[in-house]
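Proteins get letters first, then strands, A, B, ... in listed order; numbering begins at 1 in each.
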Protein chains: 4
Amino acid sequence: MRTIDLNADLGESFGPWRMGEDEALLAVVTSANVACGFHAGDPLTLLQTVRRAAAAGVSVGAHPGYADLRGFGRREVEAPPEEIFADVLYQIGAAAAACRAAGVELRHVKPHGALYHRCVRDAAAAGAVARAAAAFGTGLQVYAPPGSALARAAVEAGLPVRREGFPDRGYLSDGRLAPRQAPGAVVADPDEAARRALRMVLEGRVPAVDGGWVELEVDTLCIHGDHPGAAARAAAVRRALEAAAVEVRA
Amino acid sequence: MRTIDLNADLGESFGPWRMGEDEALLAVVTSANVACGFHAGDPLTLLQTVRRAAAAGVSVGAHPGYADLRGFGRREVEAPPEEIFADVLYQIGAAAAACRAAGVELRHVKPHGALYHRCVRDAAAAGAVARAAAAFGTGLQVYAPPGSALARAAVEAGLPVRREGFPDRGYLSDGRLAPRQAPGAVVADPDEAARRALRMVLEGRVPAVDGGWVELEVDTLCIHGDHPGAAARAAAVRRALEAAAVEVRA
Amino acid sequence: MRTIDLNADLGESFGPWRMGEDEALLAVVTSANVACGFHAGDPLTLLQTVRRAAAAGVSVGAHPGYADLRGFGRREVEAPPEEIFADVLYQIGAAAAACRAAGVELRHVKPHGALYHRCVRDAAAAGAVARAAAAFGTGLQVYAPPGSALARAAVEAGLPVRREGFPDRGYLSDGRLAPRQAPGAVVADPDEAARRALRMVLEGRVPAVDGGWVELEVDTLCIHGDHPGAAARAAAVRRALEAAAVEVRA
Amino acid sequence: MRTIDLNADLGESFGPWRMGEDEALLAVVTSANVACGFHAGDPLTLLQTVRRAAAAGVSVGAHPGYADLRGFGRREVEAPPEEIFADVLYQIGAAAAACRAAGVELRHVKPHGALYHRCVRDAAAAGAVARAAAAFGTGLQVYAPPGSALARAAVEAGLPVRREGFPDRGYLSDGRLAPRQAPGAVVADPDEAARRALRMVLEGRVPAVDGGWVELEVDTLCIHGDHPGAAARAAAVRRALEAAAVEVRA
C-alpha cells in the first residue's frame, strides 16, 4: 500500500499578530513544520504550537529560516554558510527543547522560504543546513525537493531524506516552483490541489505551468499554511488520497 | 578539601560588535555562562564560544536573558511567567544544540541581568526559569543567589542548585547586590576582588557597602566579563583561592 | 456648537502580519495615530498608512511606543528618560518624513500602550515625551489623559494639549483605565461605546467600573483599532455625536 | 583654490556595544554620515552623535542601511524598491529629527554598505534612495560614487550630487571597490591613504589593485570609521591635503 506524509508550516503567528489556520490544519496533516522565531513565530508561539501538534498526534519538525521577520524569510539574505550552519542549529535546538517540554521528539527539519529555495541549487548553503541537522542528531529527517542540492547534502550527512512536493503551487518544466507572482503559481482551488496531489503520488509527475510535465517522486506533500483556505485544501488533498487507497501518515 | 567553581559570562559579542575578554577568561574560569542571543550574542557567536569553552575544558551553561539587545537585558521587562518559561526553554535549547555540535554537555543555567535580579524575589518568574530548566532535562544545575526565590524554585523543580557569589560586586547588608551606580558597587581592584572571594569561600561572609556583614554560603563565584580588567580579576581570584588550598573546579 | 476629535490607532500591521480595520476606520475618524515601527508598524506600513490617511482627509499623528514588537508596546520596559526622549524624537521624525512624502503635516503625538500609561503618573517619562515633541517642532499637539503628568509636561513644554477619553474602555473611579483583564475593562458593544462617548462630551463624566463616576473633560475620543469591531464602534460613536449636534473634526 | 569634503561614518555603536573612534574623527572630518539604527546605531546613539557633530562644527548627513544589525548592513538583502524607498525615508526622517533637536540641518544622505554597493548599478534601488531623499526635501545632497546609478538617479530627482572616493580602499580597474577580502582592498597605512587622497583630488585618478589606473573625479573623500586607526588615517589625509593647498570643508 502506498503511503504519503502530509505536512504544513505552522506556528507562524508572531507576538500579537495571528497568521494561519493552525487548529484546522492540525486536524488534517501528519507532520508540522514549526516556525522557530527567525522568520516567524516566537518562543511562546513555538511552544504552544508544538504542544498542540503533540496533542493532535502530529509529528513535529523544525522550520528554520533567515532572521528576517519583516520579510517573513521570503527574500534572499546573503548569509555565509557558517552563519547558516549556526542559525539552523540554533533553531533546531530551540524547537527540540519545545518538543522535550511537550513530551515528543523532533522528527524532521525543513528550511523555510528563501533559504529553502537557495538550498535547491546552492551546495554550500544546503551543506550547512544538512550538517547542522546532523550535528544535532543523526535521526533527523530532512525535507527537500527531489533532486536538490539539499537532498544530496542530507544523504552525504547521513540523514534520511523526505522528498517533498507542493500540490498548491505551480511548477516550471525545469522542476522549480513558479515564482509566486506568475500565473498558475498558486493553486487556490481545493479540488485542483487534490488532483495535483494524486498525480504526484500515483503518477510521479505533474503538469508544468509553462507546458509539459515535471517528473516528481515524493514522500511528503506540503500545504502552505499562510494561504487563505489552507485547511480546506489540505482536507481535500487528504480525502482524495484516502479515496485512492493511499495511506496518509508521518 | 574545599572546592569552588569560578564562572564568567561569555559570548556577549553581537554581530560586528565585540565585548569581553573571552579568550583570557577561558584560561582562568571553570564554568562559562554563554549568552544565547536574547540580551547578547547571536547563533554564530554562541556556537564559537561553546567550541572555545569545550576546547579549554571549561564547563558550559546557558545564560538566558530578556529579549532586549539594546538594553543588554539589564532593564526589567514586564514579561509574564509563561513567556519567561518559553523564552528560557528556547534559549536553553539553542545553547544545548551548540553544545551537541561541540561534543560537550550543557551543564547549568543562570539567568542574566534583570531576569536574574527579578528571580531573587519574584517566585512566579523564578518558578518559570526553574521549570523551563527542568522541562529541558533533570540534570541541569541552576546558578542562583543563596536564599533566593530562584534557589527555592530550583529545589522544588528537582534540580541541583549552585549558590553564587560576586567578588567583583558590592553587597547591601540585606544580601542584595548594591545598584551599579552606588559607591562600592563595582570592585575593580583584582586584589580586593581576591580578598572578597576568600572571605566568601573561607568565612561565608563579606563586608556590606552600607556597613556590617553579609552571610553568604557559595558554591560558585562569578567574575563579570563585561567589566574592563575582568580576566586580571579572575586570575587574581583564582591565584588567591589556590594559594589558600581551595580547589577551583566546575 | 460643541466639537470633538475622534482618533484611532492605525498602521499596526507588521511585515506580513495584518492587524486592524484601517480602511473602515479612516472613513469614520478625524485623526489617526500612526504606529512608527517600534511596537507595531514598519517603514512601508507607516508610509502607506499616512498616504491613506492623507487621501481620506484624516489628520495624522505619530504614535511612538516602546521598542517591543513582541509585546506590542503593552508591557512596561524600564527605559530611562533620556532613552525615551531619543526614541520618541526618532519615531516622530520618521512619521514626519512619511507625512512630507504624502504632502501633509504631522499634527500630533500620542504615546502608545505602556508608555502612555507610564506618562499618566511618571513626570520624568512624561517630560521626556513632551520635550521630544517640542524639540521636533512647537506646533505639535500632545494627546494626553486629562489631569495626567503628560498633560502638565506638554503645557510646560509649550505645546497644545488635547485631553483624551476612551469610550471603548472602562475607567476606575480614580480616573485610571481599568486593567484589560478586569470585568468591564473593554466595551465591545457599539451602542454602549456611543452612550459613553456622549456622557464624556456632553456631561464631562462617565460611570466607573468600581462604582461612582469619573469626571473627564475631553477634546478627543479614542477608538482602539486592534479590538475586533473597532470600525463599527467608531461609526456608532460618530453617529451618536452628530445626532446630538456635536461637530466631529480634528 | 581646490576644495574637498572629508567624510566618515559615525554613530555605529549599538546599545552597550561600542564601535569606532568618533571623538577623534570629529576633530578631523568635515562631514559625518550618521548611522540611523537599521544597520548600526540606535536612537540615543544617533542623537548623541548628531549633538557631538554639531558641537564640533561638522556637517551632518543620514547614513541609511538595510535593516540588518547582525550583518552590519554589509550583506545584500533582496528588499524591493518600494521598501527601500520607505526605509530610507524613515531613516532620513529620524536623522533629521535628531538634527532639529541639536539645532542643525540635515545636509546629505549616503546609503551604507550593501545598499550603497547595490546603488552603483541597480537603477531601481538607486532611484528609490534618490526619490526618498527628494521626498524629504529638495536641498539634501546625495553622496554617490562617480558614474554610478545613484549619481544619475540623484540628478534625475533634482538633488545635488557629491562624488565620493575612498582613499582607504583599493579599486578595481573597472572603477568598483575591490572586495574587502582581496589583497590591497583595505589601505591601513596613513601615508598610503594620504597619497591616494592626493591622487584623487589633484590628478583625478588612483592606481587599481589589478593594474592600471582608475579615473575618479571626486568632491568628497570617505574615511571608514570602523577600521582600526581610522582617526590617524583621516588626520594624515587632511594634513596632506592642506599641505597641498587644498581647502578641506563640507
Side-chain angles (χ1 to χ4, degrees), chain A residues 11 13-16 34-38 41-51 54 60 62 64-67 69 77 79-104 106 109 128 131-140 157, chain B residues 11 13-16 34-38 41-51 54 60 62 64-67 69 77 79-104 106 109 128 131-140 157:
Chain A
S13 293
F14 171 67
V34 186
C36 302
F38 276 46
D42 57 62
L44 187 54
T45 299
L46 167 63
L47 178 60
Q48 290 170 337
T49 304
V50 169
R51 282 177 170 156
V60 176
Y66 285 127
L69 284 169
V77 175
E82 65 171 3
E83 186 175 311
I84 293 175
F85 178 89
D87 281 28
V88 169
L89 178 67
Y90 182 101
Q91 294 178 72
I92 288 173
C99 285
R100 278 208 198 190
V104 295
L106 186 74
V109 177
R131 283 182 289 104
F136 182 76
T138 52
L140 279 182
Chain B
S13 294
F14 170 68
V34 186
C36 300
F38 275 46
D42 56 63
L44 187 54
T45 300
L46 167 63
L47 177 59
Q48 291 169 336
T49 305
V50 168
R51 282 176 171 156
V60 176
Y66 284 127
L69 284 169
V77 176
E82 64 171 4
E83 186 174 311
I84 294 175
F85 178 91
D87 281 29
V88 169
L89 179 66
Y90 182 101
Q91 294 177 72
I92 288 174
C99 286
R100 279 207 197 191
V104 295
L106 186 74
V109 177
R131 282 181 289 106
F136 183 76
T138 51
L140 280 182

Below 4.5 Å, heavy-atom pairs only: which of A:A132, A:A101, A:G103 has the largest tally toward chain B? A:A101
Let me know if A:A96 has heavy atoms under 4.5 Å from chain B in its side chain, its backbone, both or neither. neither
Heavy-atom pairs under 4.5 Å with chain A - which of B:A94, B:G37, B:A98 has more of them than the others? B:A94
Is the backbone of B:L44 close enough, under 3.5 Å, to the side chain of A:Y90 for a donor and an acceptor to pair up by distance? no
Taking side chain as everything from C-beta outward and backbone as N, CA, C, O, which of these in A:L89 sits under 4.5 Å from a heavy atom of chain B? Side chain, backbone, both or neither. both
What's the separation between atom CD in A:E83 and atom CG in B:D42, rounded to the nearest 0.5 Å? 7.0 Å
Any idea which of A:A102, A:P43, A:A86 has the most non-hydrogen atom pairs under 4.5 angstrom with chain B? A:P43
